[in-house]
Number of protein chains: 2
Amino acid sequence: MSPTHTDVPMAPAELDPCGMPDHPDCGIRDVLDRVGDKWSVLVVVELASGPRRFGELQRAVDGISQRMLTLTVRRLERDGLVTRTVYPTVPAQVDYRLTDTGASLTHLVKALADWSLRHREAIAASRHLYDQTHPDHDIR
Amino acid sequence: MSPTHTDVPMAPAELDPCGMPDHPDCGIRDVLDRVGDKWSVLVVVELASGPRRFGELQRAVDGISQRMLTLTVRRLERDGLVTRTVYPTVPAQVDYRLTDTGASLTHLVKALADWSLRHREAIAASRHLYDQTHPDHDIR
DNA sequence: CTGCATCCCTGGAGATACTG
DNA sequence: CAGTATCTCCAGGGATGCAG
């Protein structure tokens with residue numbers, strides 16, 4: 001088969017039967033695989049400000065490689081979080097924009113941003129303290 | 001230096017200057033590196049039900065290796081999301097519990113779970129459709 | 001401009017064996 | 001029980017070159 005390096009990876013398997021009330025991770029993983037992905041979040045955040053073209057996204061996200069951007073938007077498209085529109089112009093032109101679902105995800109990201117903002121200092125302090133209290137754990 | 005395989009990895013570098021209003025990823029990454037981590041989430045979710053001992057956690061999370069559990073709780077501890085208490089009993093005993101900060105994170109996880117539950121069908125359908133519309137992207 | 005195909009390399013993660 | 005120490009494997013992701 002030889003799947004190329006740029007095809008959509010996706011979830012290899014569902015691992016939560018979604019049943020026990022004590023383990024509310026019924027579909028969390030699906031989301032987290034997106035939200036947890038560094039690039040996905042940054043792309044979604046960028047698209048939250050409006051539709052963007054491929055190049056614009058790449059410049060906006062800053063640091064993302066072409067391959068990663070392609071993979072990221074592909075996954076988001078596959079999940080129905082963004083739409084990909086191709087304009088058959090001379091030099092190909094494509095724009096990406098959030099779907100309603102994708103837009104709703106933005107709210108969660110905002111919430112996360114909010115949370116991290118409220119706790120970032122505490123976390124930083126905690127880390128600092130930990131690093132001093134546990135010098136043996138030679139990190140870095 | 002030879003850092004062992006069980007020391008805390010952590011964020012290698014801050015990459016967002018946290019300034020531009022259009023890029024609200026000021027501290028998101030810090031959170032996402034936790035929230036996005038499969039094991040971290042599962043552990044936090046488990047601890048949301050109350051304090052757990054190492055073994056209990058390992059059994060509860062199911063699938064996590066000793067090393068990963070150690071790393072996960074270490075990171076969470078370092079970030080001040082969980083506290084680690086050692087009871088100098090004969091067979092060592094340790095319990096982990098969420099801090100207030102960690103508990104507040106639970107709410108976000110719940111929100112994510114909520115969102116994913118509301119959209120899981122749509123996403124699944126989208127994926128299915130995508131896979132059929134783009135057979136060329138030979139996945140699997 | 002947008003994207004696909006390759007090469008390549010590092011770090012994340014599992015398995016296993018050992019210790020206070 | 002609760003880790004720690006190693007070894008190993010492989011997928012994620014960067015760099016580069018080619019194509020529609």
Side-chain angles (χ1 to χ4, degrees), chain A residues 1-13 15 33-34 36-40 42-43 51-77 82 84-96 134 136-140, chain B residues 1-13 15 33-34 36-40 42-43 51-77 82 84-96 134 136-140:
Chain A
M1 48 196 71
S2 73
T4 69
H5 214 210
T6 44
D7 57 21
V8 183
M10 72 193 296
L15 30 93
D33 285 344
R34 296 283 151 274
D37 181 36
K38 175 183 179 177
W39 301 127
S40 291
L42 298 180
V43 167
R52 295 293 141 93
R53 292 178 49 189
F54 191 86
E56 292 178 321
L57 274 179
Q58 184 163 27
R59 257 162 296 152
V61 172
D62 176 80
I64 192 172
S65 65
Q66 269 190 342
R67 196 174 73 86
M68 279 302 97
L69 181 52
T70 300
L71 280 174
T72 301
V73 291
R74 279 286 184 290
R75 284 190 289 234
L76 292 174
E77 184 196 3
V82 312
R84 177 171 174 276
T85 312
V86 182
Y87 299 101
T89 59
V90 182
Q93 186 172 333
V94 183
D95 83 36
Y96 297 90
H134 305 267
D136 46 310
H137 282 71
D138 58 328
I139 307 171
R140 295 179 208 282
Chain B
M1 50 197 70
S2 74
T4 70
H5 215 211
T6 45
D7 55 23
V8 184
M10 67 182 305
L15 30 92
D33 286 344
R34 296 284 151 273
D37 182 36
K38 175 183 180 178
W39 300 129
S40 291
L42 297 180
V43 167
R52 295 293 140 94
R53 293 177 48 189
F54 191 86
E56 293 179 322
L57 274 179
Q58 184 164 25
R59 258 163 292 147
V61 172
D62 176 78
I64 192 171
S65 64
Q66 268 190 342
R67 195 173 73 85
M68 279 303 98
L69 180 53
T70 300
L71 281 173
T72 301
V73 291
R74 280 285 185 289
R75 284 189 289 235
L76 291 174
E77 184 195 3
V82 311
R84 176 172 174 274
T85 312
V86 182
Y87 299 101
T89 58
V90 181
Q93 186 172 332
V94 182
D95 82 38
Y96 298 89
H134 306 265
D136 45 310
H137 282 72
D138 59 327
I139 306 172
R140 296 181 201 289

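What you are looking at is a predicted structure, and each value in this text was computed from that prediction instead of being measured. Residue numbering restarts at 1 for every chain, and letters A, B, ... go by the order of the sequence lines.
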Output the rounded distance in Å from CD (A/Q66) to C1' (D/dT16). 10 Å
Given atom CD of B/Q93 and atom P of D/dG3, what is their separation to the nearest angstrom? 11 Å
Using a 4.5 Å cut-off on heavy atoms from C-beta on, say whether the side chain of B/Y96 contacts that of B/R52. no
Which whole-number value in Å describes the distance from A/M68 CE to C/dT10 C1'? 14 Å
When rounded to the nearest 0.5 Å, the distance separating CG of B/L71 from OG of B/S40 is 10.0 Å
Interatomic distance where CG belongs to A/L69 and P belongs to D/dG14 [whole Å]: 11 Å
So, do A/V94 and A/T85 sit near enough that their side-chain heavy atoms are less than 4.5 Å apart? no
Would you say A/L57 and A/L69 make side-chain contact, with heavy atoms under 4.5 Å? yes
5'-most contact on DNA chain D: A/P91 or A/G63, nearest heavy atom basis? A/G63
Short side-chain N/O contact to C/dT16 OP1/OP2 from B/R67, under 4.0 Å: no
d(CZ, B/R53; P, D/dG3) in whole Å: 10 Å
Between A/I64 and A/A92, which residue's closest nucleotide on DNA chain D lies nearer the 5′ terminus? A/I64
What's the separation between atom CD in B/Q58 and atom CZ in B/R53, rounded to the nearest 0.5 Å? 12.5 Å
Mind calculating the distance between OH (B/Y87) and C1' (D/dG3) to the nearest angstrom? 18 Å
Grab the CZ-C1' distance between A/R34 and D/dG12 for me, whole Å please. 14 Å
Between the axis at one end of the helix from C/dC1-D/dG20 to C/dG20-D/dC1 and the axis at the other (five pairs apiece), what's the angle to 10 degrees? 50°
Dump the intermediate steps for side-chain contact (heavy atoms from CB on, under 4.5 Å) on A/D95 and A/Y87, then the final yes or no. CA-CA 8 Å; A/D95 83 36; A/Y87 299 101; 3.1 Å; yes
Do the side chains of B/R75 and B/D37 get close enough for a salt bridge, i.e. N-O under 4.0 angstrom? yes
Round to the nearest Å and state the distance from A/Y96 atom OH to C/dT2 atom C1'. 7 Å
Can you tell me if A/R84 touches the phosphate of C/dT2, counting only side-chain N or O atoms and a distance under 4.0 Å to OP1 or OP2? no
